[in-house]
Amino acid sequence: MQTEWLLEVEGVTVAFGGIVAVDDVSFRVRAGEVLGVIGPNGAGKTTLFNALTALVPLSHGDVKLSGASVSGWTTHRIARAGIARTLQTPEIFPQITVRENMLAAILSRQTPWLIAVGLGLPSARRCEARAGEEADRLLRDSLLRDEGGRLAGDLPFGHQRLLEIYRALALDPRVLLLDEPLSGLTREEAGVVLGLIRQIRGAGRAVLLVEHDLPSVLAVADRIVVLAEGRLIAEGTPAEVQRDENVRRVYLGREAGQERAAGQGGMAQ
Amino acid sequence: MSRQLLGTARNPAVQALLVLAIPLALGLVVGPYWVSELTLVGMYTLVVIGLNLFMGYAGQVSLGQAGFFGIGAYAVGIASTHFGLAPWIGLVLGMVLAAAAAWLLGVLALHLMQHYLALATLAFGIIADVAFQQLPLTGGNSGLYGIPAFTLNAIGFLALTWGAVALGSWFTNRLVRSGTGSLLEAVRSSEVATALMGADPATVKRQAFIVSAVLAAAAGGIYASWEGYIDPTVFTFALSINLVLMAVVGGLRSVVGAVLGAAGVEAINQILKFAGASLAPATSGALQLTIYGLALVVIMIYWPEGLVTGLGARSRARRTAGPQLPLQSVDGHERDGGQVVDGAQRS
Amino acid sequence: MATLLQLVLAGIGMGSVYALVAIGFSLIYKVTGVINFAQGEFAMIGSMSFWLLQSHGIPLVPALVVAVAIAAAVGAAIGRFVMYPAAQASVLTLIFITLGLDTALRGLGTLVWGVNPVAVQAFSGNGVLHVLGAVVPTQNLWIFGAVVIVAALLYFLLERTYFGQGMTAAMDNPTAARLYGMNPLRFGLYAWVLAAAIGAFGGVVFAPMTMANTNMGLELGLYGFVGAILGGLDSLPGAAVGGIALGIVTSLSAGYISSDWADGVAFAVLLIMLLVRPQGILGTSLNRRV
Ligand SMILES: Nc1ncnc2c1ncn2[C@@H]1O[C@H](COP(=O)(O)OP(=O)(O)OP(=O)(O)O)[C@@H](O)[C@H]1O
Ligand SMILES: [Mg+2]
């Protein structure tokens with residue numbers, strides 16, 4: 001089935017016992033689009049991402065990727081289908097090198113047979129060699145090009161975040177979910193990430209960006225959805241959302257004003 | 001120069017050769033008693049290498065490895081004494097059977113978190129032990145006698161055992177140093193992050209579990225044929241714990257650690273046997289338990305990576321750490337064992 | 001029919017012992033997140049201390065109190081000298097540590113009390129009760145009573161005292177408890193002491209039913225786990241229910257199949273439970289972390 005929408009979120013609801021963390025949220029994303037997802041702390045942004053990647057079960061609703069429902073799928077199957085994601089607290093693999101982190105990500109798609117790898121069967125060797133080349137290529141084009149041999153746990157925090165983003169990109173995703181990718185980064189690093197986001201969009205993929213740093217979201221997003229207490233309270237272009245009454249009341253009025261005053265690039269939180 | 005030497009020593013094939021050559025050379029100069037000790041240590045080492053892969057690299061716990069060891073042993077015993085098959089056929093059958101059992105247990109239990117998985121493997125080990133006591137072909141509590149040997153002389157067995165260890169170490173070393181080895185580390189480090197990259201952590205864990213089961217069964221098969229006699233008192237929970245102890249003492253992430261762990265625990269055994277000659281056997285057994293237990297506690301508190309890996313990791317960190325200090329835990333979130341998606345979800 | 005009743009009643013007696021071990025096990029798990037493989041050894045320590053005291057002519061009640069106190073002291077020592085330094089250890093490491101404790105305590109027990117099984121006198125003689133044709137040793141009443149007493153005391157302690165409320169808070173939400181200035185390590189220590197005391201109490205009341213020996217802890221501990229998991233690891237009432245249910249199941253399988261397979265049946269039940277309902281009968285969540 002052809003559809004112009006890459007990702008469709010339909011009435012997604014996530015309840016934890018009595019708490020409804022995400023309440024009947026619907027929106028759609030086209031290929032080549034950056035969708036900002038904003039909202040105050042505890043609004044349900046991370047939980048929404050968790051629902052899209054099956055880290056928590058949906059109580060109601062449906063998620064479609066290119067018109068085909070992926071709800072009920074396991075996390076790794078969704079990832080293979082093309083939804084990649086980073087976590088609010090980066091989860092790099094600290095005890096192996098940066099390059100090995102990339103290798104793990106690249107090989108995840110095929111998950112070679114351990115037996116074949118240990119015995120060095122030709123198929124496994126080819127697979128490993130190709131992964132090695134790809135890791136080198138991805139690293140060469142990245143900000144971490146000189147750090148391939150370092151233990152990932154030894155990287156400064158900002159570079160750990162970057163590594164997680166590059167790792168997600170190794171999946172060659174159609175939809176990339178970024179959960180506060182700028183928090184904890186220096187202004188320079190944040191610039192790199194924003195550049196990356198534009199590049200990904202240019203390649204015809206969609207990016208969902210959860211971020212507290214509003215100026216950055218306003219600058220890079222094509223459209224924005226606003227969550228508050230689990231509900232979607234506004235949706236539109238950055239300009240529309242900034243004008244929206246509801247949004248001003250629950251969110252922008254309180255936080256964005258202060259941030260704007262704090263100046264460009266001021267990090268929320 | 002020394003760096004080059006170190007590089008050569010880390011080559012899987014070179015390590016495998018050393019693993020075969022050193023015990024063999026030792027075996028040729030020492031007396032028969034020590035040859036048999038070396039052979040026994042080799043069998044334990046084979047199991048421990050499998051445990052290394054499953055516990056050290058995939059980050060899981062198996063408390064039922066004696067069950068797989070027993071499956072290998074009984075396969076050889078039953079195939080040869082009941083069906084007159086050559087022991088090596090029994091050995092292969094045992095490895096296949098252990099792989100099947102591990103696969104099934106993996107399908108059933110590997111989606112569980114670490115401590116539930118530990119209990120599931122424990123349950124498997126105990127059920128296997130009961131089965132060894134009760135099934136019609138196993139000879140019950142009196143066991144199986146007259147299991148034929150692969151080869152006749154002791155040195156032959158020594159070579160066979162350590163040859164198997166060499167193969168196992170070659171296999172594991174190649175695996176853990178490959179890109180796929182990084183995937184194992186990914187599973188150990190964070191199953192959530194691994195799944196988000198598109199790999200099914202349960203599949204990876206299951207494969208590592210199957211490899212560990214096959215190595216244990218191989219060791220058990222060799223044991224049955226070497227000893228010529230097996231009974232259920234061997235394949236108990238106590239053996240599983242002993243094997244875990246060997247694995248963690250040396251360090252869960254190195255072949256050298258596996259050899260030293262197995263040898264070290266067996267050495268304590270022997271020392272206590274000599275030292276305890278004047279004591280009542282029960283007392284020396286109790287002393288042994290006490291020392292094992294306390295050793296496990298102390299090592300796990302102060303060197304949770306094991307003695308060999310712990311020291312190795314320190315030197316590796318010294319070599320690789322750049323100007324920055326290692327950033328252990330970014331924001332106080334636990335890194336080991338915990339699978340934290342974000343702060344909100346833990347509360 | 002009489003056999004069935006007989007088996008069920010015997011199962012409840014044995015299951016009550018498992019329940020006491022399981023309660024201690026759940027308590028430590030709830031408060032500290034540690035799976036304590038050494039839990040059965042507290043019962044062993046209780047049994048053997050009680051025997052030693054009794055054989056020196058010390059009357060029932062003081063002997064019982066001292067035996068429980070000895071085990072509680074051991075629990076306190078572990079909670080303080082092992083669990084404090086291991087506070088940051090991973091799940092895997094903690095499993096190995098408590099396995100090591102189990103092994104060490106069994107060895108130490110044998111060094112102190114020897115290997116030979118010992119006979120402990122029943123609390124109120126070797127009498128039996130006849131219930132609808134089934135025969136029940138009076139000691140079974142003591143055992144069952146012990147579960148009731150422990151359950152009631154625990155309930156009172158946790159629900160009705162200030163100390164207990166702190167403990168409950170620490171169990172339900174360790175992070176918040178820390179924010180309110182409670183020291184989780186301290187509550188962990190109390191959990192070890194309580195669990196050791198409860199386990200030892202189980203060991204004391206159980207001792208007359210068997211030939212007590214220093215190897216009994218391992219098996220009791222394993223059955224205690226199975227009971228705790230059946231009932232739900234994070235539920236104290238669940239642990240009691242699970243322990244008793246396990247006692248009935250093993251008693252029935254011993255009666256109708258064969259006692260040789262009892263271990264196999266118990267652990268097959270565990271495997272099945274892990275498969276179909278890993279959170280147990282009364283447990284709530286398997287894991288809060290995704
Ligand atoms: N696993 C869980 N169990 C129970 N409640 C949860 C769970 N995960 C999230 N919640 C609750 O759901 C609500 C939404 O949380 P969520 O983390 O999605 O917010 P957020 O928008 O990402 O906030 P932040 O900006 O602080 O990251 C919160 O009230 C949180 O406590
Ligand atoms: Mg969030």
Side-chain angles (χ1 to χ4, degrees), chain B residues 55 59-61 63 105 108-109 111-120 122-127 129-131 133-134 192 237-238 241 244-245 248 252 280 282-283 285-302 304 334-341 345-347, chain C residues 29 33-35 37-38 78 82 85-86 88-112 114-116 173 175-176 214 218 222 225-226 229 233 258 260-272 274-275 278 286-290:
Chain B
M55 303 204 301
Q60 311 303 310
V61 192
L63 302 179
L105 192 61
L108 300 184
H111 62 280
L112 298 170
M113 294 208 315
Q114 278 166 328
H115 40 245
Y116 285 87
L117 177 64
L119 292 173
L122 185 156
F124 160 77
I126 289 179
I127 292 170
D129 192 25
V130 173
Q133 292 168 36
Q134 304 300 334
V192 167
F237 180 59
I241 297 304
V244 164
L245 176 68
V248 301
L252 282 170
T283 314
L287 206 58
Q288 186 175 344
L289 284 179
T290 310
I291 291 176
Y292 283 176
L294 291 179
L296 193 53
V297 172
V298 170
I299 291 172
M300 283 295 101
I301 292 178
Y302 297 103
E334 49 188 312
R335 290 267 137 220
D336 222 352
Q339 296 148 14
V340 180
V341 172
Q345 289 200 316
R346 292 189 311 154
S347 54
Chain C
Y29 178 75
V34 171
I35 299 277
F37 281 92
I78 294 174
V82 178
Q88 298 302 321
S90 69
V91 176
L92 198 78
T93 306
L94 285 168
I95 289 176
F96 294 144
I97 288 177
T98 62
L99 279 171
L101 285 172
D102 177 80
T103 311
L105 287 176
R106 192 150 23 103
L108 285 170
T110 311
L111 290 177
V112 174
V115 273
N116 294 330
N173 194 338
T175 319
T214 49
L218 181 62
L222 292 179
F225 301 151
V226 179
I229 296 219
L233 255 189
S258 150
D260 297 332
W261 280 94
D263 276 354
V265 169
F267 285 88
V269 168
L270 170 65
L271 268 187
I272 292 168
L274 286 175
L275 256 187
L286 181 55
N287 43 359
R288 283 186 211 144
R289 301 161 184 170
V290 171

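Everything quoted here is computed from the prediction, not taken from an experiment. Convention: sequence-line order gives letters A, B, ...; per-chain numbering from 1.
Interface residue C:Leu111: backbone and side-chain heavy atoms are both found under 4.5 Å from chain B. Residue C:Leu105 does not touch chain B at all, counting heavy-atom pairs closer than 4.5 Å. Proximity to chain B (any heavy atom under 4.5 Å) is shown, for C:Leu94, by neither the backbone nor the side chain. Heavy atoms closer than 4.5 Å to chain B are found in both the backbone and the side chain of C:Leu108. For a residue to count as touching a neighbouring chain, one of its non-hydrogen atoms must lie under 4.5 Å from one of that chain's; by this rule B:Ile126 touches chain C with the side chain only. Using a 4.5 Å cut-off between heavy atoms, B:Ile291 does not touch chain C at all. Proximity to chain B (any heavy atom under 4.5 Å) is restricted, for C:Val115, to the side chain, taken from C-beta onward.
The minimum heavy-atom distance between B:Ala286 and C:Thr110, with the atom names listed, is CB-CB, 3.5 Å. Nearest heavy-atom pair across C:Leu99 and B:Leu63 is CD1-CD2, 3.5 Å. For the residue pair B:Ala118 and C:Ile95, the shortest heavy atom distance occurs at CB-CD1, 4.0 Å. Residue B:Leu119 comes nearest to C:Leu270 through the heavy atom pair O-CD2, 3.8 Å, listed as atom of the first residue, atom of the second, then distance. For C:Gly264 against B:Ile127, the heavy-atom pair with the smallest separation is O-CG1, 3.8 Å.
Looking at B:Leu105 and C:Leu271, their side chains come closer than 4.5 Å, going by heavy atoms from C-beta outward. Side-chain contact between B:Val61 and C:Phe96 is present, with at least one heavy-atom pair separated by less than 4.5 Å.
Among B:Leu108, B:Leu294, B:Asp129, the residue with the largest count of heavy-atom pairs under 4.5 Å with chain C is B:Leu108. Here B:Ala120 is the residue among B:Ala295, B:Ala120, B:Pro304 with the most heavy-atom pairs under 4.5 Å with chain C. With chain B as partner, the option from C:Ala86, C:Pro85, C:Gly109, C:Gly100 having the largest number of non-hydrogen pairs under 4.5 angstrom is C:Gly100.
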Can B:Leu296 and C:Ile97 be said to form a side chain to side chain contact (heavy atoms under 4.5 Å, CB included), step by step? CA-CA 6 Å; B:Leu296 193 53; C:Ile97 288 177; over 6 Å; no
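Checked by atom type and distance alone, the side chain of C:Thr93 never pairs as donor or acceptor with a backbone atom of B:Met300 at under 3.5 Å.
Note: C:Leu222 CG to B:Leu122 CG = 5.5 Å, rounded to the nearest 0.5 Å.
Shown here are the ring-ring contact (aromatic ring centres under 6.0 Å, His included) partners of C:Phe225, two or more places apart in sequence or in another chain: C:Phe25, C:Phe37.
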